[in-house]
Asker: 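Got a structure for you, questions after.
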Amino acid sequence: MPLLAHLGELRKRIVICLIAVGLGSIAGFFCWDWLLKIATDPYCQAQAKRGINTVAGASPCQLYISDPLSLVTTRMSISGYIGILFASPVILWQIWRFVTPGLERKEKRYAIPFVFSSVLLFLSGALIAWWTFPKAIQFFLAVGGEHVSTLFNPAPYLRMILVLMLVFGIAFEIPLLLVFLQLAGVLTSRTLRKYRRQAIVVNFIIGAVGTPSQDPYSLIMLAVPMCILYEVAILVGRLMRK
């Protein structure tokens with residue numbers, strides 16, 4: 001394909017991804033109340049463990065907005081993050097659809113397994129992030145102390161949850177990229193084994209810098225699975241090369 005044809009194909013894939021994100025954002029907008037209730041459950045549990053049952057007669061885990069306009073802007077901005085999360089399988093599929101025509105025939109047979117694995121790894125990372133978040137919020141409240149009352153704004157609160165899930169999901173794709181580079185001949189399993197110690201350090205740096213919550217629970221729950229998946233990537237790469 002000439003360059004303009006490649007650019008046309010790229011534009012097509014980008015348009016499909018944008019449509020998927022738009023539809024996901026619409027779904028997130030209309031599911032706002034349901035998603036908000038689920039998202040505040042970890043906060044409610046953390047407040048209950050602190051022994052806080054009421055705050056001025058209101059729910060101890062209720063989120064507060066002081067600006068009337070923020071009621072709309074918060075819902076729309078968070079719906080955008082939700083749209084990206086919902087559309088992630090479509091985005092991954094479009095990436096592979098753009099890359100696949102450049103592969104050789106024997107390499108194309110890996111397209112479906114790679115797409116399935118990428119979606120599975122992304123969702124696994126997002127679920128681990130969601131499972132980690134209650135521990136993170138408990139850590140924040142414990143650091144604040146017993147005599148500090150909290151009034152969280154839903155925009156940063158929900159953004160932290162969604163960004164955490166996106167970071168975990170994207171980070172869990174790195175081992176799949178390593179397998180792909182081994183199949184393409186760019187890396188070898190021997191090279192990955194040689195730099196294993198450096199990879200462990202990098203994984204913990206990613207866990208410390210990449211997580212928006214900056215708490216030790218999120219760091220460990222991101223870095224440790226990445227180290228395990230790094231070893232899995234070495235093993236899978238060796239088996240597939242054979």
Asker: Are the side chain of T74 and the backbone N or O of L71 linked by a donor-acceptor pair below 3.5 Å?
Answerer: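 Judged by distance alone, no pair lies under 3.5 Å.
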Asker: Transitively linked via ILVMFWY side-chain contacts under 4.5 Å: V72 with L158?
Answerer: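 No, because V72 and L158 fall into different hydrophobic clusters, even though each may have its own neighbours under 4.5 Å.
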Asker: Tell me whether the guanidinium CZ or amine NZ of R75 lies under 6.0 angstrom from the six-membered ring centre of F29 and within 45° of its axis.
Answerer: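 Yes; both conditions hold, so R75 lies above the ring face of F29.
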Asker: Would you please test L92 and F116 for side-chain contact (heavy atoms from CB on, under 4.5 Å) and show each step?
Answerer: CA-CA 9 Å; L92 293 172; F116 177 78; over 6 Å; no
Asker: Report the C-alpha distance between Y64 and Y157 in whole Å, list the side-chain angles of each, state the deciding distance to 0.1 Å, and finish with yes or no for ring pair (Phe, Tyr, Trp, His ring centres under 6.0 Å).
Answerer: CA-CA 11 Å; Y64 293 86; Y157 176 82; over 10 Å; no
Asker: Which heavy atom in F86 sits nearest to a heavy atom in G28, and how many Å separate them?
Answerer: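 F86 and G28 have their closest heavy atoms at CE1-N, 4.3 Å.
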Asker: Do you know which two heavy atoms are closest between L222 and A171, and how far apart they sit?
Answerer: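 For L222 versus A171, the nearest heavy atoms are CD1-CB, 3.7 Å.
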Asker: Checking W130 against L164 for the side-chain contact (heavy atoms from CB on, under 4.5 Å) test, could you report, in this order, the C-alpha distance in whole Å, the side-chain angles of both residues, the deciding distance, and whether it holds?
Answerer: CA-CA 8 Å; W130 173 252; L164 191 67; over 6 Å; no
Asker: Between T188 (side chain) and T191 (backbone), is there a donor-acceptor pair under 3.5 Å?
Answerer: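 Yes: the side chain of T188 pairs with the backbone of T191.
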Asker: So, do I200 and R197 sit near enough that their side-chain heavy atoms are less than 4.5 Å apart?
Answerer: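 I200 vs R197: side chains apart.
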Asker: How about OH on Y81, more than 12 heavy atoms from neighbouring residues, nucleotides or ligands closer than 6.0 Å, or not?
Answerer: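 Not more than 12 within 6.0 Å, no.
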Asker: Are the side chains of I128 and F172 in touch, meaning some heavy atoms are under 4.5 Å apart?
Answerer: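 Contact flag for I128/F172 side chains = yes.
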Asker: If Ile, Leu, Val, Met, Phe, Trp and Tyr residues are connected whenever their side-chain heavy atoms lie under 4.5 Å apart, and connections chain through other members, are I170 and W93 in the same group?
Answerer: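 Yes, it is one cluster - the side chains of I170 and W93 are joined through contacts under 4.5 Å.
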Asker: Run S79 and F30 through side-chain contact (heavy atoms from CB on, under 4.5 Å) and show every step you take.
Answerer: CA-CA 9 Å; S79 296; F30 286 103; over 6 Å; no
Asker: Is there a donor-acceptor pair under 3.5 Å between the side chain of Q182 and the backbone N or O of V236?
Answerer: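 No; judged by distance alone, with no hydrogens or angles, the pair does not exist.
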Asker: Grouping I, L, V, M, F, W and Y whenever their side-chain heavy atoms are under 4.5 Å apart, do W131 and L123 come out in a common cluster?
Answerer: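 Yes, W131 and L123 fall within the same hydrophobic cluster.
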Asker: What distance do S25 atom OG and L85 atom CG have between them, rounded to the nearest 0.5 Å?
Answerer: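 Answer rounded to 0.5 Å: 10.5 Å.
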